[in-house]
Structure formats: structure tokens, C-alpha cells
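Here the structure is laid out as C-alpha cells; the discussion comes afterwards.
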Amino acid sequence: MEKSLILFKPDAVQRGLVGRILARFEAKGLQIVGLKLRRFPVALMRKHYDAHKERPFFDNLVEFMTSGPVLALAVQGKNAIEVCRTLMGATNAAKADPGTIRGDFGLSFSNNLVHGSDGPESAERELALFFPDADELVEWTPVAEPWVYSSEER
Ligand code: IDP
Ligand code: MG
């Protein structure tokens with residue numbers, strides 16, 4: 001089982017899409033293992049997007065991500081990182097496929113509703129940033145798990 005860090009960006013919260021977006025992760029079969037709503041500090045967002053610090057959009061991105069509440073979500077599942085990226089769709093929401101979160105709810109390159117970790121190392125790093133205390137991630141066994149995965153897959 002793999003964990004990924006998902007952020008619902010301020011546009012998702014402001015537009016009242018939190019429930020509908022969360023429902024997609026749950027309906028897919030992904031397990032919620034951490035959840036919090038905060039207006040996160042600028043320093044934390046700069047660290048989170050450190051890989052982009054030389055990009056021209058970096059300052060606007062950090063300003064956007066700290067302009068309002070963000071929901072941080074930790075999900076778990078088999079290949080959760082890739083599964084989440086597929087659910088989210090392409091970065092430019094205007095071009096993202098219908099059926100994806102960005103494709104169904106957005107039209108912007110920057111205001112694209114969700115963040116998802118892009119690999120195991122970034123997932124570990126990002127989960128530690130947004131859920132720094134060990135007890136913030138909950139270990140539990142979903143009763144539906146035997147129905148979500150076949151016995152060989154588990
Ligand atoms: P990702 O969120 O799909 O992984 P990244 O390339 O990691 O995309 O970029 C991080 C975030 O920076 C994007 O989700 C988007 O909000 C913003 N961003 C990326 N490229 C651009 C751009 O060319 N113009 C404006 N914003 C951008
Ligand atoms: Mg990225």
C-alpha cells in the first residue's frame with residue numbers, strides 16, 4: 001500500500017467543491033488516512049513547491065496557495081500516487097480530460113483545484129510537511145477492502 005499527499009487548493013474550497021472532489025477519491029476506493037483544513041503559512045507552501053522555485057509562476061503560485069483555506073488529504077491504496085494523478089487529470093485544467101477532477105471542474109492552468117504527489121519521494125516529503133506528527137495519519141482497515149481489491153492484489 002502506498003500513500004499520497006493531496007491538496008484541495010483554495011479555488012476548490014472557495015467554489016464549494018470540497019465534498020464533490022473528496023467523493024471521487026472515496027468512490028475510487030482510496031482510503032482516507034489524514035485530513036485537515038488550514039490556511040497554511042507561506043513558508044510551508046514555499047517548501048512544498050521548492051522544485052518550482054526558479055519557475056516564473058512560483059510567486060503567484062505561493063500567493064494563490066496561501067490566499068485561503070486549503071484541505072490537506074492523505075490517501076492510501078495500491079499505487080495510490082499514480083491512481084490519484086490519473087483521477088486529477090492534466091495540469092492545465094482547460095485541457096484535462098473530461099471525467100478527471102480538473103477536466104470536469106476547471107478551466108485554468110494555475111487554479112486547477114488539486115495537488116497530488118508525483119512520486120514516492122515527493123509523497124514522503126510532502127506528507128511529512130503537511131502531517132508532521134505521527135498521530136496525524138490514522139492506521140485503519142476499511143471493511144470494504146476485500147471488495148475493492150482481489151485476494152491476489154491484496
Ligand atoms: P501538477 O500540479 O500537475 O503536478 P506542476 O508542474 O507540478 O503541476 O506545477 C505545480 C502547480 O503550479 C500546478 O498545479 C499549477 O497550479 C501551477 N502551474 C504549473 N505550470 C504553470 C504555468 O505554466 N502557469 C501557471 N501556473 C502553473
Ligand atoms: Mg507537481
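We use all heavy atoms of the structure for the numbers below, so side chains are in, but hydrogens, waters and symmetry mates are not.
- Looking only at distances, no side-chain donor or acceptor of R46 sits under 3.5 Å from a matching main-chain atom of V62.
- Put simply, L7 and V18 are part of two different groups of oily side chains (I, L, V, M, F, W, Y) that touch within less than 4.5 Å, one to the next.
- No side-chain donor from either of S108 and N112 sits under 3.5 Å from a side-chain acceptor of the other.
- No single ILVMFWY cluster, assembled from side-chain heavy atoms under 4.5 Å apart, contains both I32 and L127.
- For K47, the side chain to side chain contact (heavy atoms under 4.5 Å, CB included) partners two or more places apart in sequence, or in a different chain, are L129.
- The OG1 atom of T91 sits 6.0 Å away from atom CZ of F109, with the distance rounded to the nearest 0.5 Å.
- Under the rule for a salt bridge (charged side-chain N to carboxylate O under 4.0 Å, His left out), the partners of R24 that lie at least two apart in sequence or sit in another chain are D104.
- Considering only heavy atoms from C-beta on, R38 stays 4.5 Å or farther from P69 through its side chain.
- By the rule that hydrophobic residues join a cluster once side-chain heavy atoms approach within less than 4.5 Å of another member, L17 and M88 end up as members of one cluster.
- Between H48 and F130, the ring center distance clears the sub-6.0 Å criterion.
- With rounding to the nearest 0.5 angstrom, the CZ atom of F64 is 6.5 Å from the OG atom of S110.
- S117 places a side-chain N or O within 3.5 Å of a backbone atom of L5 that can act as its donor or acceptor partner.
- At distances below 3.5 Å, not a single donor-acceptor pair connects side-chain atoms of R102 with backbone N or O atoms of A96.
- Applying the 6.0 Å contact sphere to CH2 of W140 captures more than 12 heavy atoms from other residues, nucleotides or ligands.
- The CG atom of L22 lies 6.5 Å from the CG atom of L35; values are rounded to the nearest 0.5 Å.
- Counting only distance, with no hydrogens or angles, the side chain of D133 and the backbone of D135 share no donor-acceptor pair below 3.5 Å.
- Taken from SG in C84 to CD1 in I101, the straight-line distance is 8.0 Å, to the nearest 0.5 Å.
- Formation of a donor-acceptor pair under 3.5 Å by the Q76 side chain with backbone atoms of V33 is not found in this model.
- Distance CG/L61 to OH/Y49: 5.0 Å, rounded to 0.5 Å.
- Under the 3.5 Å distance criterion, with hydrogens and angles disregarded, no donor-acceptor pair is assigned to the side chains of K9 and N111.
- To the nearest 0.5 Å, atoms NZ (K36) and CG (L71) are separated by 10.5 Å.
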Trace of the side chain to side chain contact (heavy atoms under 4.5 Å, CB included) decision for V75 with I6: CA-CA 7 Å; V75 295; I6 307 297; 4.1 Å; yes
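- Within 6.0 Å of the CG atom in L107, the count of heavy atoms belonging to other residues, nucleotides or ligands does not exceed 12.
- Using a 4.5 Å cut-off between side-chain heavy atoms of Ile, Leu, Val, Met, Phe, Trp and Tyr, with links allowed through other members, L137 and V70 fall into the same hydrophobic cluster.
- Legend: residues meeting salt bridge (charged side-chain N to carboxylate O under 4.0 Å, His left out) with K78, ordered by chain and number and at least two apart, are absent.
- Contacts of E145 classified as side chain to side chain contact (heavy atoms under 4.5 Å, CB included), with partners at least two apart in sequence or in another chain: M1, Q31, P142, Y149, R154.
- Every residue two or more places apart in sequence or in another chain was checked for a salt bridge (charged side-chain N to carboxylate O under 4.0 Å, His left out) with E63, and none qualifies.
- For S150, the side chain to side chain contact (heavy atoms under 4.5 Å, CB included) criterion is met by E152, E153, not counting sequence neighbours.
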